[in-house]
Amino acid sequence: MASLQPVRGTHDLLPDDMRRHQTVVDRIRRCAALYGFEEMATPIFEFTEVFSRTLGETSDVVSKEMYTFERSGDHITLRPEGTAGICRAFISNGLAQQVPFKAFYQGPMFRYERPQKGRQRQFHQVGVELLGIESPQADIEVLALAAQFLDTLGLQGQVTLEINTLGDSASRTAYRDALVAYLMPFHDQLSEDSKTRLEKNPLRILDSKDEGDRKIIANAPVFSDSLNDASLAFFEAVKQGLDALGIAYTVNPRLVRGLDYYCHTAFEFTTTALGAQGTVLAGGRYDGLIQSMGGTPTPGIGWAAGVERLAMLVDGVPDKARPIALIPMGDAAEALALPLANQLRRAGLPVDMAYGGAMKKRMKRANTVNARVAVILGDDELARNEATVRDLDSGEQSAVALDGLVQALTALG
RNA sequence: GCGGGUAUAGCUCAGUCGGUUAGAGCACCUGGUUGUGGUCCAGGGGGUCGUCGGUUCGAAUCCGUCUACUCGCCCCA
């Protein structure tokens, strides 16, 4: 152990953070159920090849961001994203028999990156995958789910949806060739980053922020010119579906996703509120992925969202439940309070009872835990078989018979 | 991986030109009130001034180093 600091890029989720975090997860869990996506979980580590072969050897995630280790000769990697694991599980469990397969997942992901706001080395994603449907209906449904999820979090005004098509593989190859042919003569004028992109992933040059690059790109061939009829029709169908559902979007012809497995529909919900980490939810179609992993050819589409990024945007996180504070005074009351607390808790009411201390201290604690009422049990009350119930908001007190106490407190709601 | 900024109490931050015992607000504890919180009053605890090293008679303050955070690039959720 180097020190008492957490490992770089990792954070503790203290109870307040956790409540915010859980709010995001609860909302997507509920939305996913409405669309028929069932929650599942895959291991947080897999054989390294599960990621390296699917995400693309040259992608940044694989080439420099994986947490990989070796154990008994096995090469293991902490998952940097969720889709590869779901697809591996789909094949491992023979789920091709059960398409359409609709999965929702949530959990930690790991990428060895330089931490920034909204970017940690251990972070959390929620995501959905829809496997086995070739039709653009799948794209539309998955996007509708994303939009409803973000709406539920109250983010309608804060995020915008950008979509693009990467076409089928024939279209993409044709475009890639055209783009490389156009850029080659400019090779020496490109930024250093873009020179390597030209070899590794030329499409990404379209997204370059370098000014020199942008001038060159301005006259580059347009993707849509390389799209074949089938790809164009597919994209049209997706857009029409979004229009029909009233989901606003802008087409961004330069939107290119970093992972190799994407085709056809690619999309991102972005915000300007998080600095450089604008992408809050993103995904796309990956028709060739399952086959490339060795499964029967199965089309797929899905997305993932960053829980920490969403949590930073959400306000109006629900308050924690307000407990009932039990305040026994004296040995007789203590003896009574324990079973009473038990009874209230079994009745579904949250109870806070200080572990000792004078009445003043216990009242103070009732206040800090934001108790709704304090139930005071002292010798006077016991002699009358009553408890004093004090409303901590109004300060009003009343006597309640002990045998009606559970009912009276339940009635508070 | 590259470039900039920052680091003082649990939290948010002051701290003058390098000067002797490092401060405030909030939070916490005790008392004012033997059985009444949230307001008020009085008192109290809490610091290796991020780390290690250097300059100096003297360093929270100047210089270097490492670490963490942060902003941007790359990339991504």
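Chain letters run A, B, ... following the sequence lines, proteins first, then strands; residues in each count from 1.
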#### Entry: Protein-to-nucleotide contact annotation, 5' to 3' order, nucleotides 29-39 of chain B [B base; S sugar-phosphate only; - none; under 4.0 Å, heavy atom]
S--B--BBBB-
### Message
I'd like to compare against my own output: the B/S/- annotation of nucleotides 68-74 of chain B with a strict under-4.0 Å heavy-atom distance to protein.
### Response
SSBSBBB
Would you call the rings of [X] and [Y] parallel, tilted or perpendicular, taking 30° and 60° as the class edges?
X        : Y        : answer
A:Phe110 : A:Tyr67  : perpendicular
A:Trp303 : A:Phe149 : parallel
A:Phe186 : A:Tyr182 : tilted

Taking only the [atom1] atom of each, what is the distance from [N] to [M] in whole angstrom?
N     : M     : atom1 : value
B:G25 : B:C62 : C1'   : 30 Å
B:C76 : B:U67 : C1'   : 25 Å
B:U34 : B:G10 : C1'   : 33 Å
B:U56 : B:G18 : C1'   : 9 Å
B:C40 : B:A77 : C1'   : 49 Å
B:U30 : B:G46 : P     : 16 Å
B:C52 : B:U61 : P     : 13 Å
B:G4  : B:C29 : P     : 46 Å

May I ask which nucleotide in the shown strands pairs with [N], Watson-Crick or G-U wobble, both distances under 3.5 Å?
N     : result
B:C40 : B:G32
B:C73 : B:G1
B:A24 : B:U12
B:G53 : B:C63
B:U6  : B:A68

### Message
Could you check whether A:Gln158 and A:Thr271, counting side-chain N and O atoms only, form a donor-acceptor pair closer than 3.5 Å?
### Response
no
### Query
So which of residues 16-51 of chain A are in contact with RNA chain B, with a heavy-atom cut-off of under 4.0 Å?
none
### Query
Across the strands shown, which category fits A:Ala304 at heavy-atom distances under 4.0 angstrom: base, sugar-phosphate, nothing?
sugar-phosphate
